[in-house]
Amino acid sequence: MCANPVPPSTQTVAGAGDAWLFGWDQTPGIVSVWANHEGRAVVWRRVDGRVLHSRERFTPWLFATSLQDLTHLGASLVSETELAERDGLAWYRMLDGAPGAYRYLLFARSGRALERRILMGAEQRLGRTIRSLYDLEDAYYRVGPVEQYLMLTGRVYFRGLAYDDLHRLQLDLETTALDPQRGRIFMVAVRDNRGLATTLDAPAPADEADLIAGLCGLICERDPDVIENHNLFGFDLPFLVARADALGIPLALGRVGGPTLLERYNEMPGGSGYAQPRARYRVAGRELVDTLDAVRRHDFVTRDMPSHRLKDVARYFGIAATDRVYLAGADVFATYRQNPALVRRYAFDDVAEVDGLSRRLLGAPFALAGMAPRPYERVVSAGPAMGILEPMLVRAYLHAGAALPNRVTNQASGPHAGGAVHLFATGVAEQVVKADIASLYPSLMRTFQIGPACDRLGVLLYLVSRLTDLRLEHKAAARAAAPGSLEAGHHDSMQAAMKLIINAAYGYMGAGTMALFADSYAADEVTRRGREMLAHVVEELRQRGMALIEADTDGVFFAVPPGWTESQERDLVAAVSATLPPRIRLEYEGRYRAMFSHEVKNYALLKYGGELILRGVALRSSRSEPFGEQFLRAALRHTMTGDIAGLRQVYLETVDALRSRALPAAALAARVRLSKASDVYQSTRTTQREAQYEALLAAGRTHWTPGERVRYYRKKGGTYVWLPDDDGDAADHQREDENVARREESSPLLDRATLEDARDYDVEHYLQVLVSSYAVRLRKAFAPQDFAQLFRLDAQLGLFDTPVEQIEPCWIRCRRREEAD
DNA sequence: AACGGACGGGG
DNA sequence: GTGTACGTCCGTT
């Protein structure tokens, strides 16, 4: 059912396996493919630094579970073998497979015509209108034309190319507003990795048409393989298209050999939703790449990016130049009018950072495009399971002439139990170790040969095994190469790409009806084994006398006996690892001076270097008044080092700072996002007042839009004061103008400083906030009476008080040696 | 506390 | 003519 025997093909046919991974046609240098449903394709290849194009033909194809919708074709539907004798409108190949599987591979000269005929037949059969093959997805499986071409030919992008061989061009529009209805393009910065760096300017509205035409000309002249920017699909391209439309300028960006115009198409959201479809764009011969997609994928794995904005991301990766120009978005055009050179520098810094991001993040998608039968631009934004893994599986089945399994027959429904989560103890632990079972789910799939039962060829398990081995080779090669070298970069990209696919395999099996090769029995078996492994690790640690704190899916936190060295810790982890089955390894992840365990997945870690890390919503607050955050961090440090007198002192100092108004108002301000428009709030105001809006109204602001972030604090008497931000989070150009006018009237800089520094806040209110929003998060670190005593607001000594020096946090500690076994 | 919906990003 | 992001944060019940 779930544990497949190893299919003979994976053992014996090594060549087939490589075809499953990398395709089989060795055509080098493909940098772009354009194809349509009529079976025409144009392939651009980079050969010795020059780009050649060739026109190709392919036969459009799709998978079907039966021929029933094509019976109306009569003798015009022929089998592939009959084709030699007589011509057909459509022909088919019967494939090996289980009943109900996609056992027919249908071909036609025109994919469009074939589809229309299928829809006609289906309408007759079902007696209702069918608009698209997607309404018949249990009966047909189809991919886009470029994918059809790549899967059929076994070609992939980029064979024999290195990342730097690609000609990449970055462009960045500077506009007078975010909305092309209300603003226009006044500058575009363009650079490429062949030395181009220029801007096109349009100081006056009348210059915009020339700018757009000039941009098209420049792109065609430079002839890049790839066009990149941050939020290219969300901003630059829609803006450019809207302005070109408004001015009647064709966006001729295509490469010689294919259609010239930039095309827009919609990526429909699921269901009948009225959510606006995400627009995508394509142009023949060039790959359009949005670094925002790459950033999202990176953060999906690392989960440690504070934001996905270009400037923040550039700083995060350390690729922002030290003298980089920063301008608030709303000020860019005004600055341009005063100082165009400054804006030019700013725009260059933007495109340079995009190039940096591309080098840093797009190596892995580049490598993936050398494996999966999909265009590079789709690989960049594709999810690794449905977007990469499934096309590879489909290509393998197509190549083998095997039927695709049907997701309906193959769907095993029922409750799905995921990874195990245990909270063993709350409180404070010292000398904490984190250990993880390396690549838990893929390792389990491999070790116990748990793959989808419907994957008769065993492709998924083969890919997981082979990629795991290849990845280790690339990791080793990356380590062996000179740091920072092209060689190292190549191997690192390869290993990252392989990791992405390996990690997608388990999730793909559990993907339910969407995935062709889903098998929830197999997915359940993986998590069941995973829970078993984790339980085993936990038990081994317990038997060795460790103090368990929490365990989650594939990792465990525990405290070791006081005074252990790092090598003792590592030895322990290695010893536990040795008790696991082959290929399942427990890895030493890190060590911490202390840990405060609050709830599952909610904890604080204190590193030996002194860094404090907070995890989980329970320890964070979205309101985050600065004084409270600061108190909490200091309080956690003292608590986690057992310095309760220090904790008490920090608390008393904060209380005192509030009472004596030593803190400025800015330190007390909460930051919230507005959800109600000004008119909406005005209508509900009589029944329920809300602080953030009251603060705006009190400041004389009567107009705002949802989404704006505002800071405010509570004043004596219960009124609220708005603290405007210095860099406008202005959603709206018009309002920005109003603000400028108002600021000029009342000397804004002076005002702002005065506001930030005000002392007229409601002290009693903020004392309550200190205790009920911040101190309360330390509750689980103390016995109830100790907690109450430590954070009492009236500083009187109670009758039954423990002297502070004698209070201890709730320690999580190892059993003493003699109790251990 | 549990649930549903919007947002992210760009000038 | 397409592939179904997804996790987090906010506001409401």
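In the text below, chain A, chain B and the rest are named by the order of the sequence lines, each starting its count at 1. It should be emphasised that the depicted structure is a prediction, and the values quoted were computed from it without experimental measurement. No hydrogens, no waters, no symmetry mates; every other heavy atom, side chains included, goes into these values.
Listed nucleotides: C:dG1, B:dG9, B:dG11. Nearest to the side chain of A:A330: B:dG11. Side chain of A:Y346, nearest nucleotide from B:dG10, B:dG11, C:dT2: B:dG11. Nearest nucleotide to the A:S132 side chain, out of B:dG11, C:dT2, B:dG9: C:dT2. Nearest to the side chain of A:L292, among C:dT2, B:dG9, B:dG11, sits B:dG9. Comparing C:dA5, C:dT4, B:dG11 by their closest approach to the side chain of A:F235 singles out B:dG11. Which of C:dT2, B:dG11, B:dG10 sits closest to the side chain of A:L310 comes down to B:dG10. Closest to the side chain of A:H37, out of B:dG10, B:dG11, C:dT2, is C:dT2. Here the side chain of A:P145 is nearest to one of C:dT2, B:dG10, B:dG11, namely C:dT2.
A:R184 forms no cation-pi arrangement with A:F186, by the criterion of a distance under 6.0 Å to the ring centre and an angle within 45° of the ring axis.
If you run salt bridge (Lys or Arg N to Asp or Glu O under 4.0 Å) between A:E353 and each of A:R324, A:K311, A:R309, only A:R324 comes through.
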Can I get a per-line list of side-chain donor-acceptor pairs under 3.5 Å for residues 383-391 of chain A, giving both atom names and the distance, sequence neighbours left out?
residue: A:E390; atom: OE1; partner: A:Y508; partner atom: OH; Å: 2.4
residue: A:E390; atom: OE1; partner: A:L516; partner atom: N; Å: 2.9
residue: A:E390; atom: OE2; partner: A:Y141; partner atom: OH; Å: 3.3

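Side chains of A:Y281 and A:P238 form a contact here, defined as non-hydrogen atoms less than 4.5 Å apart.
Heavy atoms of A:N229 sit nowhere under 4.0 angstrom from any nucleic acid atom. Nucleic acid contact for A:L232: none, since no nucleic acid atom lies under 4.0 Å from a heavy atom of the residue. Counting any heavy atom pair closer than 4.0 Å across all strands shown, A:R184 reaches no nucleic acid atom. Within the 4.0 angstrom heavy-atom criterion, no nucleotide atom of any strand lies near A:L327. When heavy atoms are screened at a 4.0 angstrom cut-off, A:N36 is found touching no nucleic acid atom at all. Nucleic acid contact class of A:R112 (heavy atoms, under 4.0 Å, all strands): sugar-phosphate only. Among the protein residues, A:R282 comes within range of the sugar-phosphate backbone only, with heavy atoms under 4.0 Å from sugar or phosphate atoms but none that close to a base.
Spacing of C1' atoms, B:dA6 relative to C:dA5, comes out at 15 Å, to the nearest Å. B:dG9 sits 16 Å from C:dC6 when the C1' atoms are compared, rounded to a whole Å.
Residue A:R297 places none of its side-chain N or O atoms closer than 4.0 Å to OP1 or OP2 of C:dA5. The side chain of A:H308 places no N or O atom within less than 4.0 Å of a non-bridging phosphate oxygen (OP1 or OP2) of C:dG7.
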List the steps, then state whether side chain to side chain donor-acceptor pair (under 3.5 Å) holds for A:Y774 with A:E625. CA-CA 10 Å; A:Y774 294 95; A:E625 290 98 341; 2.6 Å; yes
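Atom CG of A:L178 is separated from atom C1' of B:dG8 by 14 Å (rounded to the nearest Å). Look at CD on A:E174: it is 11 Å from P on B:dG10, rounded to the nearest Å. To the nearest angstrom, C1' of C:dC9 lies 14 Å from CD of A:Q692. We find that CZ of A:F186 is positioned 7 Å from C1' of B:dG11, with the value rounded to whole Å. For A:D312 and B:dG8, the CG to P distance is 14 Å, given to the nearest whole Å. Protein atom CG of A:D350 is 10 Å distant from nucleotide atom C1' of B:dG10, rounded to whole Å. Distance A:R374 CZ to C:dG3 C1': 8 Å, rounded to the nearest Å. One atom, CZ of A:R296, and another, P of C:dT8, lie 15 Å apart when rounded to the nearest Å.
For DNA chain B, runs of at least 3 consecutive pairs of the Watson-Crick or G-U wobble type, with both hydrogen-bonding distances under 3.5 angstrom, map to B:1-8 with C:6-13.
Residues A:R280 and A:S381 bring a donor and an acceptor atom of their side chains to less than 3.5 Å of each other. Using a 3.5 Å distance cut-off with no hydrogens or angles, the side chains of A:Y441 and A:D554 do not pair a donor with an acceptor.
Between A:Y157 and A:Y376, the distance from one ring center to the other does not fall under 6.0 angstrom.
Heavy atoms from other residues, nucleotides or ligands lying under 6.0 Å from NZ of A:K499 number 12 at most.
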